[in-house]
> 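Sending over a structure as structure tokens; questions will come in a sec.
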Amino acid sequence: MDVSELLNGLNDAQRQAVSSPLGHLRVIAGAGSGKTRVLVHRIAWLLAVENSSPYSILAVTFTNKAAGEMRSRLEEMLGYALSGFWVGTFHSICHRMLRAHHERVNLIRDFQILDRDDQVRLIKRIMKAHDLNEDFIKARQAVNIISGYKEQGKRWADLDHQTFNPVEKQILFLYEKYETHCRENSLVDFTELLLRTVELLRDDELIRKHYQSRFRHILVDEFQDTNDIQYAFIRLLSTAETDLLVVGDDDQSIYGFRGARIEHILDLEKSYPQLKSIKLEQNYRSSGNILNAANAVIAQNQERLGKDLWTEAGEGELIEVYQSINEYDETYYVTERIKSHVESGGLYNDVAILYRSNAQSRLFEEALLAESMPYRIYGGLRFFDRAEVKDAIAYLRLTENHHDDVAFDRIVNVPTRGIGTRTLDVVREVATSQQLSLWQASEYVLANQLLPNRASQALGGFITLINSLFAEKIPLGEYMKIVLDGSGLINYLKSKKVEKREDKIENLEELVNAATQFALRLDEEDKPDAVSLFLAQAALDAGETQASEFSDYVQLMTLHSAKGLEFPQVFIVGLEEGLFPHSESASIAEQLAEERRLAYVGITRAEKKLHLSYSEKRRLYGETTYPRPSRFIEEIPHTVLHYARGGPDHLRRQQISKGRGQSLREQTEGGVKLGQNIIHPKYGEGTITAVEGEGERQRIQVNFVEHGSKWLILAFAKIEMK
DNA sequence: GACGCTCTCATTTTT
DNA sequence: TGAGAGCGTC
């Protein structure tokens with residue numbers, strides 16, 4: 001490959017990063033500054049210029065998507081597929097290491113991975129077995145706290161046990177039971193993958209040295225999101241001789257709540273005194289006004305490495321701000337703007353609606369639906385998280401390992417086969433008292449005839465079923481199909497009036513498909529492990545929520561999930577104190593700083609046009625609130641803003657809302673009637689053809705003489721003057 | 001085992 | 001307000 005090709009088309013800073021001498025390098029990559037490009041070019045540089053072997057390179061990301069993208073962009077650039085090169089998420093890399101050294105860490109080779117849901121179920125079971133209720137602590141909270149300890153590298157034995165606080169006591173108790181259960185059954189949760197690997201590298205000098213000498217080059221993406229245990233992992237793998245490149249943006253650190261520590265990137269030189277640092281500040285995504293807004297907002301934060309984004313593109317359009325009357329009016333504003341965007345030839349696909357919390361999506365969904373605009377909400381359940389898929393996977397798990405209690409618990413009575421709580425209580429009782437797996441306990445219960453006849457039959461039937469599903473040496477796809485047919489899951493769905501049952505059946509068929517595809521992609525040496533590798537992948541990569549990029553729809557998502565994406569038109573909605581910044585975060589300086597970084601992330605998603613909106617009035621948890629506009633709007637220089645409605649001037653705000661609402665309100669006073677004629681300020685004359693909803697949710701369909709049929713939101717008309 | 005009632009609770013989430 | 005969990009009833 002031609003070396004000049006590696007540097008052509010890069011700016012100075014990017015070029016410096018790509019061609020930097022081997023050593024410890026931190027690249028602070030602002031939003032839209034070509035971060036992935038630098039990573040990919042750097043790896044190509046290592047291969048072509050430094051003559052490094054792919055085998056000596058480790059690239060770590062946070063998501064499977066990012067890992068996949070890195071590999072495919074690299075291979076596209078090189079023109080061939082790389083083997084021996086490790087690129088993956090922290091979790092998948094640790095999984096790989098643990099599998100390779102499973103005996104050393106006391107795991108069976110095909111150890112199972114517990115996801116969040118499995119963990120909660122397990123904790124619930126432990127609580128039940130010990131007659132604990134959720135008064136002190138909810139199972140879900142307990143899981144969070146235990147995971148938090150693990151993220152800090154703290155085992156049960158490392159904790160302070162001198163506590164009289166009943167909540168803490170209970171957590172300690174649960175942690176111990178949970179840890180024991182996982183250890184005895186070779187179960188590993190997400191954090192455990194990291195923790196166990198870190199302990200392995202820490203305690204086993206031989207293995208540590210092996211990886212240290214193998215991975216001469218380590219690259220880490222999104223470094224600002226590393227938590228303590230991930231940081232420890234990188235620290236253990238990299239020595240003074242390692243060529244370490246970390247890429248990240250301290251201003252985009254938005255995952256503090258799940259253990260990410262921004263200090264890892266801020267204070268990296270404390271661990272690596274030779275550290276060099278390069279900033280990428282030229283932005284290739286957004287127009288000048290948008291960058292000005294982003295720079296101004298983030299400048300309010302202390303504790304930054306400090307950078308300012310700039311662009312060679314012009315100022316672009318002003319940022320449009322809309323102060324809505326209420327939350328329905330806000331959706332009206334957004335859909336109207338989208339409508340005109342599309343009418344002037346734009347795509348729905350250009351548009352993203354970003355909000356702070358998921359609950360906000362509902363109203364936008366309703367509005368888009370009413371307007372027949374195509375949309376897609378991100379962040380719903382992923383493929384492998386869907387209940388029916390997890391059920392099917394649980395069959396596979398239990399078939400592979402009869403002592404997988406989590407799987408057993410999940411499907412013993414799915415589809416229903418007459419194994420009720422009473423039967424299970426007996427089984428669990430035996431399992432607890434005799435220290436048996438649920439499977440063994442079932443066998444014991446059956447052998448000793450501890451159950452009434454009918455229950456015995458049902459339980460026996462289940463055991464026989466699972467035994468009969470065990471099949472060796474048939475292709476994974478077919479195996480999956482046998483499991484689905486044999487388990488009766490598909491028939492069960494077909495026979496019932498389950499909601500969205502067509503989708504569910506389709507998902508199960510897709511699962512067979514996924515299994516088949518997975519097996520086809522496996523290397524020859526991995527084929528014997530197809531089932532367990534498939535199970536691992538199902539746990540570690542929950543599958544895309546994203547549909548094909550060829551369809552055209554408005555995209556709705558939280559600000560968090562928008563990170564890394566870009567859109568020509570962005571709406572950030574609900575910019576109100578209490579919502580964004582969220583009330584839970586507003587009073588703690590650190591958390592407020594993180595909210596501000598989130599605003600920065602949101603603003604920098606926009607390429608051409610950014611819309612910001614907030615509402616004068618909003619119903620929240622069943623109560624009417626009159627929030628103040630978000631401080632983040634005030635932090636943006638007024639010169640880049642254009643108020644479509646409202647504004648910093650309160651008087652003006654009132655006048656506009658009065659003027660705008662009155663005509664419709666006057667016309668609809670005393671109730672709305674079908675057939676009634678009205679005059680709309682924008683659409684002119686029309687006749688009401690349908691009325692829907694009540695109060696502020698009331699909507700009318702009007703057939704306009706010149707513009708045809710439209711839905712209007714009547715809340716618009718009901719302005720209460722304060 | 002399905003249904004309906006009451007109660008509780010309310011960010012952000014990848015692996 | 002409204003979603004989801006838990007509980008009691010048929």
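Order of the sequence lines sets the chain letters (A, B, ...), proteins ahead of strands, with each chain counted from 1. Both backbone and side-chain heavy atoms feed into the values below; hydrogens, waters and symmetry mates do not.
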> What I want to check is whether the side chains of A/Ser615 and A/Glu330 have a donor and an acceptor closer together than 3.5 Å.
no
> Using the six-membered ring wherever Trp is involved, compare the ring planes of A/His91 and A/Phe190 and label them parallel, tilted or perpendicular (cut-offs 30° and 60°).
perpendicular
> Using atom CD of A/Glu222 as one end and atom P of B/dT15 as the other, report the distance to the nearest whole Å.
12 Å
> Whole Å only: how far is the CD atom of A/Gln224 from the P atom of B/dT14?
15 Å
> Once you round it to whole Å, what is the distance between P of B/dT15 and CG of A/Asp115?
12 Å
> Could you tell me whether A/Ser561 contacts a base, only the sugar-phosphate backbone, or nothing, with contacts defined as non-hydrogen atoms closer than 4.0 Å?
sugar-phosphate
> Assuming nearest nucleotide by heavy-atom distance, tell me which of A/Gly420 and A/Arg356 is located more 5' along DNA chain B.
A/Gly420
> To the nearest Å, how far apart are A/Ile588 CD1 and B/dT12 C1'?
14 Å
> C/dG6 phosphate, OP1 or OP2: any side-chain N/O from A/Lys128 under 4.0 angstrom?
no
> Starting at the 5' end of DNA chain B and moving along, which residue's nearest nucleotide shows up first, A/Phe190 or A/Ile254?
A/Ile254
> Would you say C/dA5 has OP1 or OP2 under 4.0 Å from some side-chain N or O of A/Lys138?
no
> Given 3.5 Å as the limit, does a donor-acceptor pair link the side chain of A/Thr416 with the main chain of A/Gly418, or not?
no
> Hydrogens and angles aside, do A/Asp228 and A/Gln152 bring a side-chain donor and acceptor to less than 3.5 Å of each other?
no
> Base, sugar-phosphate, or nothing: which does A/Glu595 touch, judged by heavy atoms less than 4.0 Å apart?
base
> So A/Lys124, base contact, sugar-phosphate only, or nothing? Heavy-atom distance under 4.0 Å.
sugar-phosphate
> Rounded to the nearest Å, what distance is computed from the CZ atom of residue A/Arg362 to the P atom of nucleotide C/dA3?
6 Å
> How is A/Phe580 classified with respect to the nucleic acid when contacts are heavy atoms under 4.0 Å: base, sugar-phosphate, or nothing?
nothing
> Taking the side chain from A/Thr423 and the backbone from A/Ala455, do they hold a donor-acceptor pair closer than 3.5 Å?
no
> Please answer whether the main-chain N or O of A/Gln230 pairs with a side-chain N or O of A/Asn227 as donor and acceptor at a distance below 3.5 Å.
yes
> Is there ring stacking between A/Tyr621 and C/dT1, where the centres must be under 5.5 angstrom apart and the planes under 30 degrees?
no
> On the ring face of A/Tyr600, is A/Arg597 found with NZ or CZ under 6.0 Å from the centre and within 45° of the axis?
no
> Students often get this wrong, so: under 4.0 angstrom with heavy atoms, is A/Phe62 touching a base, only sugar-phosphate, or nothing?
sugar-phosphate
> What's the verdict on ring pair (Phe, Tyr, Trp, His ring centres under 6.0 Å) for A/Phe408 and A/Phe462, showing C-alpha distance, side-chain angles and the deciding distance?
CA-CA 10 Å; A/Phe408 184 102; A/Phe462 178 67; 5.5 Å; yes
> Whole-Å distance between B/dT15 C1' and A/Arg116 CZ?
10 Å
> How many whole angstroms separate atom CZ of A/Arg140 from atom C1' of B/dC9?
14 Å
> Check the phosphate of B/dT14 against A/Thr89, side-chain N and O only, distance under 4.0 Å to OP1 or OP2. Yes or no?
no
> Roughly how many Å apart are B/dT12 and C/dA5, using the C1' atom of each and rounding to a whole number?
23 Å
> Check whether any side-chain N or O of A/Asn64 sits under 4.0 Å from OP1 or OP2 of B/dT15, and answer yes or no.
yes
> Checking all strands, does A/Asn358 fall into the base, sugar-phosphate, or nothing category for heavy-atom contacts under 4.0 angstrom?
sugar-phosphate
> Without decimals, in angstroms, what is the distance between A/Asn326 CG and C/dT1 P?
15 Å
> Looking at C/dT1, B/dT14, C/dG2, which one has an atom nearest to any side-chain atom of A/Arg619?
C/dT1
> Strictly below 4.0 Å, heavy-atom distances to any atom of DNA chain B: list the hits from residues 409-418 of chain A, or just say none.
A/Asn413, A/Thr416, A/Gly418
